[in-house]
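This report concerns only the one structure given below.
Below, chain A is the first sequence line, B the second, and so on; all start at residue 1.
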Number of protein chains: 2
Amino acid sequence: MKIASWNVNSVRSRLEHVTNWLQQNPVDVLCLQETKVVDADFPHTGLEALGYNIYIYGQKSYNGVALLSKKPLEQVTTGFASILPDIEPGWDEQKRIITGIIDGVRILNLYVPNGSEIDSEKYKYKLGWLNLLHKYLQTLLSTTPNICMCGDFNIALEDRDIHEKVSSIKNHIMSSDAERQALKELLELGFADAFRKFTEEGEHFSWWDYRTMAFSRNRGWRIDHHYLTPELYKKAISCVIDIEPRKLEKPSDHTPVIVEF
Amino acid sequence: MKIASWNVNSVRSRLEHVTNWLQQNPVDVLCLQETKVVDADFPHTGLEALGYNIYIYGQKSYNGVALLSKKPLEQVTTGFASILPDIEPGWDEQKRIITGIIDGVRILNLYVPNGSEIDSEKYKYKLGWLNLLHKYLQTLLSTTPNICMCGDFNIALEDRDIHEKVSSIKNHIMSSDAERQALKELLELGFADAFRKFTEEGEHFSWWDYRTMAFSRNRGWRIDHHYLTPELYKKAISCVIDIEPRKLEKPSDHTPVIVEF
DNA sequence: GGAATGCTTG
DNA sequence: CAAGCATTCC
């Protein structure tokens with residue numbers, strides 16, 4: 001089974017890239033982030049024509065996630081509150097989580113907040129969001145032990161996940177201690193990085209800023225991840241970053257990552 | 001010699017259409033209107049690669065005209081004031097006129113004001129502008145008797161230049177009596193419509209509103225013209241509208257018109 | 001840098 | 001409907 005994750009930075013702007021990529025890469029499930037569209041306006045046509053079932057959780061302008069799956073997914077739920085009914089309302093105003101089950105495997109598609117700048121309000125929101133995700137995962141694990149948690153984490157866990165020029169900067173957003181610590185604590189629930197099962201060296205990235213020719217200089221960050229529970233991690237046979245879509249005209253700033261197990 | 005006129009509705013948005021069209025249609029001179037760009041930002045590259053000399057008279061956001069010519073043009077001048085130094089300042093704030101000479105023929109490239117609505121301030125500006133153009137032409141004719149005056153006139157001179165659905169409406173902008181009269185008075189200086197030398201029937205248009213599917217219904221207007229002084233008119237061997245560019249993705253609302261003499 | 005919104009123009 | 005602009009976000 002192949003599960004891909006791709007922050008498309010507007011599914012409507014990227015529709016042709018996504019459909020072309022799926023024709024070349026007919027993965028079982030594609031997890032999209034930053035769809036930036038309300039559900040009523042999601043571009044079903046074209047994706048459904050390729051044989052995908054579509055599950056969406058979107059909003060206007062920002063955020064938004066979607067699951068595309070060849071086989072219908074079971075138990076699709078969106079937001080935190082469906083799993084954690086007692087949380088403060090407001091946490092689901094930003095549409096960032098969608099999950100469903102395929103062949104007994106829970107696919108969890110995340111768009112973790114970016115955080116803007118260290119110590120900003122958005123940074124605090126990011127840490128609070130990750131804290132809530134911790135509880136959310138505990139609940140999920142109690143019923144579905146096999147989870148593929150993937151998406152745009154907006155966190156590079158290690159310095160080798162960041163290009164040389166920036167990996168030395170202390171406390172950059174997406175690599176600050178508090179964010180990394182919060183992510184590590186999630187992973188200690190029993191998740192391992194599929195990409196690092198197969199590739200130890202650095203200079204492999206999934207996101208390059210649009211500015212300052214970051215892509216042509218390969219000044220990127222690996223912030224899109226697939227984290228697998230033990231049984232799935234054991235079964236994983238590959239995890240690759242496909243940088244081709246980043247080379248196209250008007251690309252997303254992210255490129256797809258694909259795990260196979 | 002082939003002289004084309006094309007209101008491109010932003011030369012930056014239409015750059016690929018223009019370069020592709022010029023490769024298929026290597027005219028001697030291409031007159032562009034509504035370039036919508038300041039001279040510093042005009043996209044020289046690509047057009048110069050096709051072997052064109054570029055003469056521009058642009059402004060931010062609105063209007064703007066340009067001449068592209070295989071051979072260098074002589075005596076290129078822009079605006080009214082270069083020819084009519086005594087006019088009130090202000091008439092050249094909107095960049096709508098550029099002219100130059102090739103093989104003894106003066107090419108005059110115009111973007112006549114649209115006028116918005118009958119009796120509006122913009123309508124009065126249009127009539128004032130045409131009145132000034134009259135004086136401008138008298139001066140030009142005294143030194144260069146062979147003139148190809150072309151561009152977007154924003155006037156359909158006769159009812160056969162407008163699709164059936166609208167040609168009955170009295171006093172529509174672009175076909176009101178005062179505009180037509182102003183244009184006729186210009187032509188009485190000694191200009192004739194190159195297109196009508198070869199084609200008598202209606203239903204030939206050069207502009208279709210983006211709205212209401214005007215192009216697919218062929219609800220257009222013929223408002224882009226080549227008006228020739230007698231000797232050139234005699235020499236004219238064709239004048240055609242090329243509707244192909246209007247069929248492309250993200251087209252201009254106008255399409256090129258080409259005269260050959 | 002690119003996509004979103006809301007604005008103005010044609 | 002499709003340009004432009006200014007603004008916000010990442």
Side-chain angles (χ1 to χ4, degrees), chain A residues 7-15 17 33-38 41 58-64 94-96 111-117 120-123 125-126 152-155 172-174 207-217 219-221 223-224 246 248-254, chain B residues 7-15 17 32-38 41 58-64 94-96 111-117 120-123 125-126 152 154 172-174 207-217 219-221 223 246 248-254:
Chain A
N7 178 322
V8 287
N9 187 15
S10 168
V11 68
R12 284 179 293 180
S13 294
R14 222 68 59 209
L15 189 55
H17 289 194
Q33 302 90 37
E34 281 205 88
T35 53
K36 292 187 173 179
V37 65
V38 292
D41 294 340
Q59 68 182 89
K60 186 165 142 178
S61 301
Y62 305 112
N63 313 310
Q94 299 184 18
K95 312 306 186 196
R96 296 176 176 277
Y111 175 47
V112 177
N114 170 278
S116 188
E117 289 183 336
S120 66
E121 280 308 306
K122 284 173 183 164
Y123 185 75
Y125 182 84
K126 182 178 193 174
D152 176 3
F153 285 76
N154 271 313
I155 297 173
H172 192 291
I173 191 68
M174 300 191 292
W207 173 79
W208 299 260
D209 198 305
Y210 283 124
R211 292 160 286 192
T212 67
M213 310 213 299
F215 182 68
S216 60
R217 296 170 167 181
R219 296 190 176 176
W221 295 61
I223 58 178
D224 300 272
R246 185 62 236 250
L248 300 174
E249 289 287 295
K250 293 253 168 205
S252 168
D253 42 356
H254 295 252
Chain B
N7 178 322
V8 286
N9 188 16
S10 169
V11 69
R12 285 178 295 180
S13 294
R14 221 68 59 206
L15 188 57
H17 288 195
L32 299 178
Q33 303 90 37
E34 281 206 87
T35 53
K36 292 187 174 181
V37 64
V38 292
D41 294 341
Q59 69 181 92
K60 186 165 142 179
S61 300
Y62 303 111
N63 313 309
Q94 299 184 16
K95 313 304 185 196
R96 297 176 174 276
Y111 175 47
V112 177
N114 172 278
S116 188
E117 289 184 334
S120 66
E121 280 308 306
K122 285 173 182 162
Y123 185 75
Y125 183 85
K126 183 179 194 172
D152 176 3
N154 271 312
H172 191 292
I173 191 68
M174 300 190 293
W207 173 80
W208 299 259
D209 199 305
Y210 282 124
R211 291 161 286 193
T212 68
M213 310 212 301
F215 182 67
S216 59
R217 298 170 167 180
R219 295 189 177 178
W221 294 62
I223 58 178
R246 185 61 234 248
L248 300 173
E249 289 286 295
K250 293 255 167 203
S252 169
D253 43 354
H254 295 251

Under a 4.5 Å cut-off applied to non-hydrogen side-chain atoms, are B/Arg14 and B/Asn9 in contact?
yes
What is the per-nucleotide protein-contact pattern of nucleotides 3-10 of chain C, from the 5' end, where B denotes a base atom under 4.0 Å from a protein heavy atom, S denotes such proximity for sugar-phosphate atoms only, and - denotes neither?
SSSS--SB
Length of the CG-P vector between B/Asn63 and D/dA3, whole Å
17 Å
Between D/dC10 atom P and A/Lys126 atom NZ, what is the distance in whole Å?
11 Å
By side chain to side chain contact (heavy atoms under 4.5 Å, CB included), which residues pair with A/Ser120, not counting sequence neighbours?
A/Ser116, A/Glu117, A/Lys122, A/Tyr123
For B/Lys95, give me all partners under salt bridge (charged side-chain N to carboxylate O under 4.0 Å, His left out), at least two apart in sequence or on another chain.
none
Min side-chain heavy-atom separation B/Lys126-B/Val112 under 4.5 Å
yes
C/dG2 C1' sits how many Å from A/Asn7 CG, rounded?
12 Å
Classify the ring geometry of A/Trp208 against A/Phe215: parallel below 30°, tilted from 30° to 60°, perpendicular beyond 60°.
perpendicular
Between P of C/dG1 and CZ of A/Arg219, the distance in whole Å:
15 Å
Take atom CG of B/Leu15 and atom P of D/dA3, then tell me their distance rounded to the nearest Å.
13 Å
A/Tyr125 OH to D/dC9 C1', in whole Å, measures 15 Å
Would A/Ile223 and A/Phe153 count as a side-chain contact (heavy atoms from CB on, under 4.5 Å) here? Give the steps.
CA-CA 6 Å; A/Ile223 58 178; A/Phe153 285 76; 5.7 Å; no
Roughly, in whole Å, what's the span from CD in B/Gln59 to P in D/dC5?
11 Å
A/Trp207 CH2 to C/dG2 P, straight-line distance once rounded to whole Å
14 Å
